[in-house]
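Scroll down for the structure; my scribbles are underneath it.
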Amino acid sequence: QVQLVESGGGLVQAGGSLRLSCAASDTSSLYKMGWFRQSPGKEREFVAAIRRDGRGTFYRNSLKDRFTISREGAVNTVYLQMNSLKPEDTAVYYCAADQSFGTVLSTTPNRYDSWGQGTQVTVSS
């Protein structure tokens, strides 16, 4: 199981941008990576995912025009660029690793094997 650490969260005004980072302890293998977010009282929801090669991506439909997921080519470091942030984006954002075989990008939390501790993103109006 890989250890994941998110960073880059913070307070930003509506319309601003943040870039989240996720660093993995294991660089010997590449994993499919995903971002999820969770607000108090709400279910953890899928944000974006990326293939091992960094070329295939999948987004939550409502976020695809504002958020971009990317990764380093040779290591399990993944980023989430968030633009035009809205107060509704306020949540704890989690990085997750999917160690399963294949190229299918999962959108449900239970398909992921490892999780970071989360980083708080707060968007003020």
**Fill in**
Between W115 and P109, the two heavy atoms sitting closest are CZ2-O, 3.4 Å

**Prompt:** Side chain of R52, backbone of G102: donor and acceptor closer than 3.5 Å?
**Reply:** yes

**Message:** According to salt bridge (Lys or Arg N to Asp or Glu O under 4.0 Å), who are the partners of R111, at least two apart in sequence or on a separate chain?
**Reply:** none

**Asked** side-chain contact (heavy atoms from CB on, under 4.5 Å) with R37: which of D89, T90, L80, V121?
**Response** D89

**Message:** Ring of Y94, cation from R44 - is the NZ or CZ under 6.0 Å from the centre and inside 45° of the axis?
**Reply:** yes

**Asked** Do L30 and V78 belong to the same hydrophobic cluster, where Ile, Leu, Val, Met, Phe, Trp and Tyr are linked whenever their side-chain heavy atoms lie under 4.5 Å apart, directly or via other members?
**Response** no

**Request:** Locate the shortest heavy-atom distance separating V47 from F67; write the atom from each residue and the value.
**Result:** CG1-CD2, 3.6 Å

**Message:** Do S70 and Q81 have side chains that approach each other closer than 4.5 Å (heavy atoms only, starting at C-beta)?
**Reply:** no

**Item:** With D98 via salt bridge (Lys or Arg N to Asp or Glu O under 4.0 Å) - residues at least two apart
**Value:** K32

**Message:** I need the minimum non-hydrogen distance between W35 and C22, along with the two atoms involved.
**Reply:** CZ2-CB, 3.8 Å

**Complete:** Contacts of R60 meeting side chain to side chain contact (heavy atoms under 4.5 Å, CB included) (sequence neighbours excluded), chain-then-number -> E45, F46, S62, L63

**Prompt:** Taking all non-hydrogen atoms of both residues, which atom of S106 and which atom of A49 are closest, and how far apart?
**Reply:** O-CB, 4.2 Å

**Request:** Answer yes if the side chains of E72 and Y79 hold a donor-acceptor pair under 3.5 Å, and no otherwise.
**Result:** yes

**Request:** Using atom types as modelled and distance alone, determine if a side-chain donor or acceptor of N76 lies under 3.5 Å from a backbone N or O of Y31.
**Result:** yes

**Item:** NZ/NE/NH1/NH2 to OD/OE distance under 4.0 Å, D53 and R71
**Value:** no

**Message:** Going by side chain to side chain contact (heavy atoms under 4.5 Å, CB included), name the residues that satisfy it together with E88, two or more places apart in sequence or in a different chain.
**Reply:** K86

**Fill in**
For Q99 and S114 the tightest heavy-atom approach is OE1-OG, 3.9 Å

**Request:** Please answer: with hydrophobic residues joined when any side-chain heavy atoms are less than 4.5 Å apart, are F58 and M33 in the same cluster?
**Result:** no

**Item:** Student check: side-chain heavy atoms of T119 and L20 closer than 4.5 Å
**Value:** yes

**Request:** Test side-chain contact (heavy atoms from CB on, under 4.5 Å) on L11 and S124 and set out the steps.
**Result:** CA-CA 7 Å; L11 176 64; S124 62; 4.2 Å; yes

**Item:** Residue list, side chain to side chain contact (heavy atoms under 4.5 Å, CB included) with V12, at least two apart or on another chain
**Value:** L18, L85, V123

**Fill in**
L4 and A24 have their tightest heavy-atom pair at CD2-CB, 3.7 Å

**Pair listing, salt bridge (charged side-chain N to carboxylate O under 4.0 Å, His left out) test, anchored in residues 6-24, at least two apart** = none

**Message:** Please tell me whether I50 and M82 are part of a single hydrophobic cluster in this structure, the criterion being side-chain heavy atoms less than 4.5 Å apart.
**Reply:** yes

**Prompt:** For the atom pair CZ (R55) and OG1 (T57), what is the distance rounded to the nearest 0.5 Å?
**Reply:** 12.5 Å

